[in-house]
Chemist: 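This is the structure I want to talk about, given as structure tokens.
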Amino acid sequence: MTDITATMARCEPHMPGEPGIWIFIMGDMLVFALFFSVFAFYRGEQPALFSASQATLNTGLGLTNTLLLLTSSWFVVEAVKAVRRGSGKLSCRLFFLAFLCGLAFSGIKLVEYNEKIAAGITLTSNDFFMFYYIFTGLHFVHVIIGLVMLVFVMLTLARPATGEQKVRFVEVGASYWHMVDVLWIVLFPLIYLVK
Amino acid sequence: MKFSESPKELIVWLSLFALTILSWWLGEAQGGITGHDVEMVTTAIMLLGFFKVRLVGMYFMELRVAPAPLRLAFDAWVVIACAAILLVYWQVQLT
């Protein structure tokens, strides 16, 4: 049993990963909270334009992507549990499944952008699409960084070494990936569903 | 507390899945309603969204067993972000 599992077994507070990643996560989430408010404000300024533009979005793809990220997050949860039990191999496989979900999310996002660009809708079309491209685009950058992190987590798990250091690194990657999920959970209804 | 043998996270994932489909369905159903009903549905969709965020935070990010300051910071974010969106939204609808 690793130290972390022992700590959790004693029901003592446990911070996944390390303080640094949580400062980054909370900071990033604050920036996105500002984005959400800005979007809500501009939506109020031009409700008709925002509604008409939103109606052209493919909500089915948005829904699928939300379900993909939720599923990938669950794989990550199981992967973290596996590494704490000492099953590095199983953990690595679960991280790979999470990675595939993230990859599918990215593929769908590209299809969606392609659909819009093919229809002549770009960043400069109107305020709604400016925010749509900037906010979903910035989130997409987070997904790509998350996917790279998942690769590093899998490489770490592939090494034979065990110990608290390894578990901590896995937790850092997991916490970041969950944040990517959290941001999309708000972006999806805000951009695609709010009328 | 044995995390490895708990199906809790599976139940959370299933709930998140169901709530996501529910909010999508609510979003689609908005086409058939008018007046303040639309705003009520939008509010419900955003509240559901932030409830899902909290589920991910507490169970997937393990904040329910994290040190209190971290857990409170996350909860504060949920409340502030949700309130900011809804206040701006309602302020516009009512003026």
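Excluded from the calculations below are hydrogen atoms, water molecules and symmetry mates; all remaining heavy atoms, backbone and side chain alike, are included. Labels below follow one simple rule: chain letters A, B, ... track the order of the sequence lines, proteins then strands, and each chain is numbered from 1.
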Chemist: Between B:M46 and chain A, which part of the residue has a heavy atom less than 4.5 Å away: side chain, backbone, both or neither?
Modeler: side chain
Chemist: Below 4.5 Å from any heavy atom of chain A, which atoms of B:W77 appear? Answer side chain, backbone, both or neither.
Modeler: side chain
Chemist: Using 30° and 60° as the class limits, which term best fits the ring planes of A:F105 and A:F140: parallel, tilted or perpendicular?
Modeler: tilted
Chemist: Select one option (side chain, backbone, both, neither) describing which atoms of A:F32 are under 4.5 Å from chain B's heavy atoms.
Modeler: neither
Chemist: For the candidates A:L190, A:L63, A:V182, which exhibits the highest count of non-hydrogen atom pairs separated by less than 4.5 Å from chain B?
Modeler: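 If we count pairs closer than 4.5 Å to chain B, A:L63 comes out on top.
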Chemist: Mark yes when over 12 heavy atoms from residues, nucleotides or ligands other than B:W13 sit less than 6.0 Å from its CH2; otherwise mark no.
Modeler: yes
Chemist: What residue in B:P67, B:A84, B:A81 has the most heavy-atom pairs under 4.5 Å with chain A?
Modeler: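 Heavy-atom pair counts peak at B:P67.
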Chemist: What part of B:L70 lies closer than 4.5 angstrom to a heavy atom of chain A: side chain, backbone, both or neither?
Modeler: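 Interface part for B:L70: side chain.
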Chemist: What part of A:L34 gets within 4.5 angstrom of chain B, counting heavy atoms only: side chain, backbone, both, or neither?
Modeler: neither
Chemist: Counting only heavy atoms not in B:M40, do more than 12 fall under 6.0 Å of its CE?
Modeler: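 Incorrect, the count does not exceed 12.
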Chemist: What I want to find out is whether B:E39 reaches A:K195 closely enough, with some N-O distance under 4.0 Å, to be called a salt bridge.
Modeler: no
Chemist: Quick check on B:Q91 against chain A: is it the side chain, the backbone, both or neither that has a heavy atom closer than 4.5 Å?
Modeler: neither
Chemist: Under a 4.0 Å N-O cut-off, is there an ion pair linking A:E171 with A:R84?
Modeler: yes
Chemist: Sort out for me which of B:V56, B:T43, B:L26, B:V12 touches chain A most, counting heavy-atom pairs under 4.5 Å.
Modeler: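 Of the candidates given, the most pairs with chain A belong to B:V56.
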Chemist: What part of B:F50 lies closer than 4.5 angstrom to a heavy atom of chain A: side chain, backbone, both or neither?
Modeler: side chain
Chemist: Would you call the rings of A:Y132 and A:F129 parallel, tilted or perpendicular, where under 30° means parallel and over 60° means perpendicular?
Modeler: perpendicular
Chemist: Flag yes if more than 12 heavy atoms outside B:R54 fall under 6.0 Å of its CZ atom; otherwise flag no.
Modeler: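 Check fails, neighbour count at 12 or below.
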Chemist: Is it true that a side-chain atom of A:Q54 and a backbone atom of A:I191 form a donor plus acceptor pair closer than 3.5 Å?
Modeler: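 At least one qualifying donor-acceptor pair exists.
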Chemist: Hey, is A:R168 close enough to A:E164 for a salt bridge, meaning N to O under 4.0 Å?
Modeler: yes
Chemist: By a 4.5 Å heavy-atom criterion (distance strictly below it), what part of A:S73 contacts chain B: side chain, backbone, both, or neither?
Modeler: both
Chemist: Specify which of A:Y192, A:F41, A:F39, A:W22 makes the most heavy-atom pairs with chain B at under 4.5 Å.
Modeler: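 The candidate making the most pairs under 4.5 Å is A:W22.
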Chemist: Tell me, out of A:P16, A:G62, A:S37, who's got the most heavy-atom pairs with chain B below 4.5 Å.
Modeler: A:P16
Chemist: Who wins among A:T66, A:T59, A:V38 for the most heavy-atom pairs under 4.5 Å with chain B?
Modeler: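 With the most close heavy-atom pairs to chain B, the winner is A:T59.
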Chemist: Which bit of A:M26 is near chain B, if near means a heavy-atom gap under 4.5 Å: side chain, backbone, both or neither?
Modeler: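 Only the side chain of A:M26 comes within 4.5 Å of chain B.
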Chemist: Ignoring hydrogens and angles, tell me if any N or O in the side chain of A:Y176 forms a donor-acceptor pair with the backbone of A:H142 under 3.5 Å.
Modeler: yes
Chemist: Picking from A:T71, A:I25, A:L183, which has the most non-hydrogen pairs under 4.5 angstrom with chain B?
Modeler: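 Between A:T71, A:I25, A:L183, the count favours A:T71.
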Chemist: Measuring heavy-atom distances to chain A, does B:L48 have an atom under 4.5 Å in its side chain, in its backbone, in both, or in neither?
Modeler: neither
Chemist: Would you say A:L61 ends up clustered with A:L193 if hydrophobic residues are merged whenever their side chains have heavy atoms under 4.5 Å apart, either directly or through other cluster members?
Modeler: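 No, separate clusters.
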